[in-house]
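One structure is given below, encoded as structure tokens.
Proteins come first, then strands; the chains are lettered A, B, ... in the order of their sequence lines, and each starts at number 1.
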Protein chains: 2
Amino acid sequence: MKDDAQARLEELIDKLRERDHRITPQRLAILKILVLSDGHPSTEQIYGQIKEEFPTTSLATVYKTIAMLKEMNEVLELGFAGDSNHYDGNKPYPHTHLICVKCRDIIDPEVEDLKILPQQVAQRAGFRLVSHRFDIYGICPRCQSEEQ
Amino acid sequence: MKDDAQARLEELIDKLRERDHRITPQRLAILKILVLSDGHPSTEQIYGQIKEEFPTTSLATVYKTIAMLKEMNEVLELGFAGDSNHYDGNKPYPHTHLICVKCRDIIDPEVEDLKILPQQVAQRAGFRLVSHRFDIYGICPRCQSEEQ
DNA sequence: GTAGGTGCAAATCGTTTGCTGATTC
DNA sequence: GAATCAGCAAACGATTTGCACCTAC
């Protein structure tokens with residue numbers, strides 16, 4: 001495991017302990033999957049991966065673990081209508097996503113920061129800023145080359 | 001009905017005719033609701049409103065009409081995981097939204113255009129741009145004042 | 001008259017919940 | 001040992017679909 005993934009995993013474990021959450025084998029496996037994923041795995045993908053190690057694990061456990069991480073603000077949820085949610089356990093704060101509409105791959109592009117724009121827009125309308133989401137949809141290079 | 005809403009309604013009717021879609025009373029009512037809404041009504045809200053005029057209308061008809069408009073690119077769909085989708089029939093192209101996380105009100109804020117940013121980000125990663133979505137979440141003035 | 005639309009009910013899919021037996025601490 | 005958790009199945013809510021009847025053109 002890469003150093004930064006290892007460090008993030010230990011950080012998460014510490015935070016669970018702080019809150020008196022138990023470190024069960026299933027939770028540990030889910031945390032590992034999250035910190036080791038480059039992409040933004042969906043619940044189904046996490047479920048599929050964890051079944052390799054713990055075949056009896058249920059989807060409910062995946063959901064419950066993620067709900068716990070959400071409550072701790074240690075995972076970023078990318079919800080999609082009519083599709084599984086995807087999760088980022090490494091950068092649990094708003095950031096730009098580039099999403100392929102064909103293969104549904106999600107990457108973090110290099111992008112100039114939006115900086116104070118969300119705060120500015122919210123303030124101007126009298127809103128107290130909570131968060132924001134910026135998704136760019138396109139066709140990824142691989143899917144482009146596969147077009148006829 | 002305001003002039004611009006009237007004009008948009010006629011535009012939509014023309015586009016339906018062009019494609020040999022029939023102008024049924026239910027469809028007309030849904031189109032009216034869409035062009036007259038300042039906000040971004042959800043399917044449930046559209047359903048609720050249309051029932052006042054046509055009590056027998058079904059949710060399925062609302063969904064089917066919206067699916068037709070989506071296919072014609074005449075409505076912008078704002079999908080939310082675990083919530084009804086919302087629709088904008090007046091500005092059926094990507095634009096920034098400001099969303100209250102408490103009352104779920106959605107407004108179009110005055111905002112400097114993102115301009116070429118989505119295209120720039122997509123291009124840099126080799127993606128062909130399809131669309132984008134920029135949502136800012138916060139607490140609206142009314143909900144702030146209602147906080148004890 | 002006929003292609004297309006409406007409305008109903010059933011099916012679907014992701015997610016959540018209730019509960020019982022098992023496990024971490 | 002006790003509080004928490006895992007796993008199962010049932011419940012849920014938004015959306016979609018199949019189909020018989022109906023209606024705009």
Side-chain angles (χ1 to χ4, degrees), chain A residues 12-33 40-72 75-87 104 106, chain B residues 12-33 40-72 75-87 104 106:
Chain A
L12 285 174
I13 292 171
D14 286 346
K15 290 191 173 173
L16 256 66
R17 279 199 229 278
E18 278 172 29
R19 302 204 177 207
D20 292 319
H21 291 308
R22 293 178 183 167
I23 315 295
T24 64
Q26 294 92 332
R27 285 184 176 171
L28 193 54
I30 293 171
L31 296 185
K32 275 188 198 166
I33 291 167
H40 303 70
S42 66
T43 40
E44 284 294 338
Q45 288 167 334
I46 294 169
Y47 180 55
Q49 279 192 51
I50 201 173
K51 284 208 122 179
E52 295 170 12
E53 198 176 346
F54 296 95
T56 67
T57 308
S58 70
L59 248 182
T61 297
V62 175
Y63 278 108
K64 284 169 184 168
T65 301
I66 285 170
M68 180 187 69
L69 291 170
K70 264 200 291 184
E71 209 223 329
M72 296 166 60
V75 75
L76 178 71
E77 179 175 64
L78 290 179
F80 297 95
D83 200 356
S84 300
N85 291 348
H86 287 67
Y87 296 91
R104 302 302 298 176
I106 302 176
Chain B
L12 286 173
I13 292 172
D14 285 347
K15 289 191 174 174
L16 257 65
R17 280 199 228 277
E18 276 171 29
R19 303 204 178 206
D20 292 320
H21 290 308
R22 294 182 182 165
I23 316 295
T24 65
Q26 295 91 333
R27 284 185 177 170
L28 194 53
I30 293 171
L31 296 186
K32 276 189 197 165
I33 292 167
H40 303 70
S42 66
T43 41
E44 285 294 340
Q45 289 167 334
I46 295 169
Y47 180 56
Q49 280 192 50
I50 200 174
K51 285 208 122 182
E52 295 170 13
E53 198 176 349
F54 296 95
T56 67
T57 308
S58 70
L59 248 180
T61 296
V62 175
Y63 277 108
K64 284 168 186 167
T65 300
I66 285 171
M68 180 188 69
L69 291 170
K70 264 199 293 185
E71 208 223 329
M72 296 166 60
V75 75
L76 178 72
E77 180 175 65
L78 290 179
F80 297 95
D83 200 357
S84 299
N85 291 348
H86 286 67
Y87 296 91
R104 302 302 297 176
I106 304 177

| query | Ignoring hydrogens and angles, are the base of D:dG7 and the side chain of A:Lys51 linked by a donor-acceptor pair under 3.5 Å? | reply |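 In this structure, the two groups form no donor-acceptor pair.
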| message | Quiz question: going by heavy-atom distance under 3.5 Å, is there a donor-acceptor pair between the base of C:dG7 and the side chain of B:Lys64? | response | yes
Could you state the interatomic distance from [atom1] ([X]) to [atom2] ([Y]), rounded to the nearest 0.5 Å?
X: B:Lys32; Y: B:Glu53; atom1: NZ; atom2: CD; result: 5.5 Å
X: A:Gln26; Y: A:Lys64; atom1: CD; atom2: NZ; result: 11.5 Å
X: A:Leu12; Y: A:Met72; atom1: CG; atom2: CE; result: 7.0 Å

| message | Which is more 5' along DNA chain C, the nucleotide nearest A:Thr24 or the one nearest B:Thr65? Just name the residue. | response |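 Whichever sits nearer the 5' end wins; that is B:Thr65.
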| task | Report the residue (B:Ile23 or B:Thr43) whose heavy-atom-nearest nucleotide on DNA chain D is the more 5′ of the two. | result |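 Its nearest nucleotide lies further toward 5', so the answer is B:Thr43.
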| task | For A:Thr56 and for B:Glu44, find the nucleotide of DNA chain D with the closest heavy atom, then tell me which residue's nucleotide is more 5'. | result | A:Thr56
| Between D:dA6, D:dT17, C:dT15, which one does the side chain of B:Ala60 approach most closely? | D:dT17
| note | Out of C:dG14, D:dT15, D:dC5, minimum distance to the side chain of A:Ser84 belongs to C:dG14
Is the phosphate of [N] approached by [X] (side-chain N or O, under 4.0 Å from OP1 or OP2)?
X: A:Gln26; N: C:dT23; result: no
X: B:Thr61; N: C:dG7; result: yes
X: A:His21; N: D:dC5; result: yes

| field | For atom CG of A:Asp20 and atom P of D:dA2, their distance in whole Å | value |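 Rounding to the nearest Å, CG of A:Asp20 and P of D:dA2 are 18 Å apart.
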| query | How close or far is atom P of C:dT6 from atom OH of B:Tyr63, stated in whole angstroms? | reply | 16 Å
| query | Across the strands shown, which category fits B:Asn85 at heavy-atom distances under 4.0 angstrom: base, sugar-phosphate, nothing? | reply |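 Sugar-phosphate only.
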Over all heavy atoms of both residues, which pair between [X] and [Y] is shortest? Give the atoms and the distance, please.
X: A:Leu59; Y: A:Thr43; result: CD2-O, 4.2 Å
X: A:Thr61; Y: A:Ile30; result: O-CD1, 4.1 Å
X: B:Gly79; Y: A:Ala81; result: CA-CB, 3.7 Å

| request: Using modelled atom types only, decide if a donor and an acceptor are shared between the side chain of A:Gln45 and the backbone of A:Ser42 within a distance under 3.5 Å. | output: yes
Could you go through nucleotides 21-23 of chain D and list every protein N or O atom that sits under 3.5 Å from one of its N or O atoms, giving the distance for each pair?
none

